[in-house]
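Every number for a ligand or one of its atoms is a count from 1 in the order of the listing.
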Amino acid sequence: MIAKKKILVVEDNTLNRMLLCQILANDYDVVEAENGKQALEILEQEGERISLILLDIVMPVMDGYTFLSIVKASPSYSLIPVIVTTQSDSELDEVAALSHGAADFVAKPYRPQIILHRVASIIHLRETAAMINLIQYDSLTGLYSKAFFYQRVKETLLQRPDQEFDIICSDIVNFKLINDIFGVPAGDRILCGIADLYLTHSGSRAICCRFNADQFACLLERRWEYTDEMFQQACAEISALPHAKNVVMKWGIYHVENRNIPVEQMCDRAILAARTIKGQYGKYFAKYDDNLRNKLLWEQTVTNNMDAALQEKQFEIYLQPKFRIKDNRLAGAEALVRWKHPEWGMQSPAQFIPLFERNGFITKLDQYVWDRACEVLQDWDRKGYPPIAVSVNVSRADIYNADLEDILQRTIKKYELPPARLHLEITESAYTETPKQIVDVVGHLRELGFIIEMDDFGAGYSSLNMLNEMPVDILKLDMKFIQSETAKPANQGILRFIISLARWMSLSVVAEGVETQEQLERLRAIGCDFAQGYYIGKPMPVKDFEVLLQQSPPPLDCGEESLHRAQERQNQILLLVDEDAGYRNEVRKALGDRFQIVEAADGRTALASIAVYDRRIAAAVLSMTLPEESGFEVLEALQREKAFCRIPTVATGPAGMQLEGKAFAAGADDFAAKPHLQTSLLKRIQHVIYASAFEEEMPDAAPDGCGLLGGQNS
Ligand code: C2E
Ligand code: CA
Ligand code: CA
């Protein structure tokens, strides 16, 4: 319920006062004062909650004009509109009242309609026209706009010096994702739902606004200690909104101690507090306190030092070895930056990388790391060591850098290296946040010959379906994922599935954070390609790494590794069974670089090919209108074969011949009606491969129920 607006009636005559109260009581909350002095005392308590003052002029103790002058001179009350009441309809009185700052004027005897009308219109005027320069409401949510909120908070803090207040700001962690998946209108509806919740819960004791896109701010009287339960409850209500099931909201609280800092800064502090718990599950709010203040001061110091540190070469790269699991050969290294500060000592990247990602310095630092890594590679080449590859980290900010491609190419040219010597590790979350841009930028880098590794795969919002479209060569499984998956019994979990899917898609897999012999054995057993982790080798200075390079067995040459991968890709066969040579030609042209295509014009040849190529066949495209032996018979034969070799099959045929239903009945996994686009055929092929890899590894689970990996079907 909306609280009634409050009106202060200042009138010495009891009868008149009662009359006024009676007129107003239905629509307003009325407070009464007998004279100016009493009215000032009330104002001090009620402050800006008074929407309007009805003021008699002739009164004992302090008359109306004196009171009016004081009110209009006070910064806290001057905005409260005053309507003066006088005995007569005299023009002189009116002029006097208005010249003292009254907003309007009513004559006695009181006529209820006129009083109510004037009061309503003056309050309305003050709330809208008086704020002519401020756009008061946020057009989407109907909450206050940021500018108006600042104004209101400033006034309130001034007017109520004895009341304690908190600024509470909320931030939706993954709002962009929600917009991407469900669309902007759905995102907008969620924001409106949240705004409604703010209004219903905070009531009249709070001032709320939409602070930024998905951030809300609220000034609240301090009444209690905040608990996680309170915010958890709010989160539950937000989750109940349509499409909001996965909304993650974090709150930050700034207890207003210093009223002299700008309101904007108070909100910033609350938001900063909220950010500190961004990735922490089960943590709903954080307060801005001394710890956080010290952290921010520390960050400021780091920010002041970083440029000089780069110039003075305080940053160094450490290399962590990567091994090929099947033969224990050294297969590469990841370059990880370290900061050796002359006073603070060795700083680990976890301490400064997140800050550099926020303040933008990461792009400079990354370029330095890439340069150093290439310099090291060239040095090794000159020393005659086997040409292994080094992986470097590429931040999200680097992807937005329009010069990225130039910079990388210049760097490898400077050190006379082929691009495949440099692997670029791009974190999985970057792929989910800016899919289009990433696909373009990374796709191009890949065309130039750089090897792309998707870093931290499995840590966040992985969608395996999405992998189809992503330019990637290597999946780098996140450390936490490896550790939790290898802790499960061998026949459970999705690790096997991911590895077999990677196999289907000709991606290599690196397991990160391997810490024990058992983990390594487990990875070996399920066919994971590479491993990196403390069990095998910690990040080490370049000099120490060189010792590894000279040990036996000899390191895996980067060219050898690429060749192996290319062979694997070549090894994947698409069996194309179709009576129409023209059609086969079209498909070969479109998909020939993805698969080795084995063609058959009739069922018998097709079955013979299956016998020859056996498990190397990744999928089959099978016409339902084959001449002699029909496609259905081939399908049936495939079904029988499935006991030992299940070939995912896309059936094809002209639309409208009821072939589709028959094909499914005979065991096809999908049907492509002719004529079709080659891209749509490719999508169907990838989809059946995906589904069958899943079934093979997880016979008990349905593909769309796979939690972590159950991303949106693109
Ligand atoms: P990351 O790219 O996922 O790197 C792997 C991190 O895991 C490294 O931490 C590595 O030392 C650590 N690690 C490796 N094996 C194990 C293990 O078996 N157990 C455990 N507990 N940890 C292991 P580090 O060097 O502290 O780097 C942390 C993160 O900082 C990196 O995570 C990466 O995101 C970032 N980073 C490091 N260097 C750079 C850089 O030059 N540029 C950018 N943009 N980010 C970097
Ligand atoms: Ca990495
Ligand atoms: Ca990683």
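- Under 4.0 angstrom from ligand 1, the non-hydrogen atoms of Met479 all belong to its side chain.
- Taking the Ca ion (ligand 2) as reference, Glu425 places its N/O/S atom OE1 nearest.
- Residue-ligand proximity, Ile362 to ligand 1, at heavy-atom distances under 4.0 Å covers atoms 44 (N).
- Within a 4.0 Å radius of atom 26 (O) of ligand 1, the protein has at least one heavy atom.
- For atom 34 (O) of ligand 1, the nearest protein heavy atom (residue, atom name, distance) is Asn393 OD1, 4.7 Å.
- Here the angle at the Ca ion (ligand 2) defined by OD1 in Asn393 and OE2 in Glu334 stands at 90°, rounded to 10 degrees.
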*Thr427 and Asp456: side-chain hydrogen bond (donor to acceptor under 3.5 Å, both in side chains), yes or no, with the steps?*
CA-CA 6 Å; Thr427 181; Asp456 306 326; 3.1 Å; yes
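- Proximity of Glu512 to ligand 1 is established by a heavy-atom distance of less than 4.0 Å.
- Residue Leu365 does not touch ligand 1, judged by heavy-atom distances below 4.0 Å.
- Relative orientation of the Phe361 and Phe356 rings is perpendicular, given thresholds of 30° and 60° on the angle between their planes.
- Under 4.0 Å is where a charged nitrogen must lie from a carboxylate oxygen, and between Lys476 and Glu425 at least one such pair does.
- Near Ser395, with a cut-off below 4.0 Å to any heavy atom, the atoms of ligand 1 are 44 (N).
- A donor-acceptor contact under 3.5 angstrom links the side chains of Ser391 and Lys322, judged on distance only.
- Without hydrogens or angle criteria, Glu485 side chain to Ile494 main chain gives a donor-acceptor distance under 3.5 Å.
- Of the options Ile426, Asp366, Thr516, the smallest heavy-atom separation from atom 42 (N) of ligand 1 is shown by Asp366.
- Close contacts of ligand 1 with Asp455, meaning ligand atoms under 4.0 Å from a residue heavy atom, involve 2 (O).
- Other residues, nucleotides and ligands contribute only 12 or fewer heavy atoms inside 6.0 Å of the NZ atom of Lys480.
- The aromatic rings of Trp344 and His341 sit parallel, their planes meeting at an angle under 30°, below the 60° perpendicular limit.
- Distance alone, capped at 3.5 Å, places no donor-acceptor pair between the Asp214 side chain and the Asp171 backbone.
- Less than 4.0 angstrom separates atom 32 (O) of ligand 1 from none of the non-hydrogen atoms of the protein.
- Interface atoms of ligand 1 facing Pro539, defined by a heavy-atom separation under 4.0 Å, are 11 (O).
- Of all atoms in ligand 1, numbered sequentially from 1 with element shown, those under 4.0 Å from a heavy atom of Asp456 are 3 (O).
- Checked against the Ca ion (ligand 2), the N, O or S atom of Asp455 at the shortest distance is OD2.
- Among the atoms of Asp456, none of the N, O or S atoms falls under 3.0 Å from the Ca ion (ligand 2).
- With respect to Glu299 and Lys295, a salt bridge is recorded, a charged nitrogen being found less than 4.0 Å from a carboxylate O.
- For atom 23 (C) of ligand 1, a protein heavy-atom neighbour is present inside the 4.0 Å cut-off.
- At the shortest separation from atom 29 (C) of ligand 1 among protein heavy atoms lies Pro349 CB, 4.5 Å.
- Using 4.0 Å as the threshold, Lys476 has no heavy atom nearer than that to any atom of ligand 1.
- A cation-pi arrangement, defined by a distance under 6.0 Å to the six-membered ring centre and an angle within 45 degrees of its axis, is present between Lys538 and Tyr534.
- Looking at every heavy atom in both residues, Tyr415 comes nearest to Gln378 through CD2-OE1, 3.2 Å.
- For a threshold of 3.5 Å applied to N or O pairs, the pair formed by Glu357 and ligand 1 contains no separation below that value.
- Contacts of Gln320 with ligand 1, taken as heavy-atom pairs under 4.0 Å, involve the side chain alone.
- In this structure, atom 3 (O) of ligand 1 has a protein heavy-atom contact shorter than 4.0 Å.
- Nearest to atom 13 (N) of ligand 1 by heavy-atom distance, out of Tyr534, Tyr535, Phe315, is Tyr534.
- Between Gln532 and ligand 1, not a single N/O pair is under 3.5 Å apart.
- Ligand 1 has no N or O atom lying under 3.5 Å from any N or O atom of Gln483, backbone or side chain.
- Pairing each heavy atom of Ile499 with each of Cys528, the nearest pair is CD1-CB, 3.6 Å.
- At distances below 3.5 Å, not a single donor-acceptor pair connects side-chain atoms of Asp529 with backbone N or O atoms of Val510.
- Short contacts between ligand 1 and Glu515, defined as distances under 4.0 Å to a heavy atom of the residue, involve ligand atoms 17 (C), 18 (O), 19 (N), 20 (C), 21 (N).
- Scanning Leu336, Val514, Ile353 for the heavy atom closest to atom 45 (N) of ligand 1 points to Ile353.
- For the salt bridge (charged side-chain N to carboxylate O under 4.0 Å, His left out) test with Asp371, the passing option among Lys364, Lys313, Lys414 is Lys414; the others fail.
- A cation-pi contact links Lys283 to Phe285, judged by a cut-off of 6.0 Å to the six-membered ring centre and 45° from its axis.
- Counting protein heavy atoms only, atom 38 (N) of ligand 1 is closest to Val337 N, 3.1 Å.
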*asked:* Could you walk me through whether Glu334 and Gln320 satisfy the side-chain hydrogen bond (donor to acceptor under 3.5 Å, both in side chains) test, starting with their C-alpha distance in whole Å, then the side-chain angles of each, then the deciding distance to 0.1 Å, before giving a yes or no?
replied: CA-CA 5 Å; Glu334 175 175 8; Gln320 184 174 31; over 6 Å; no
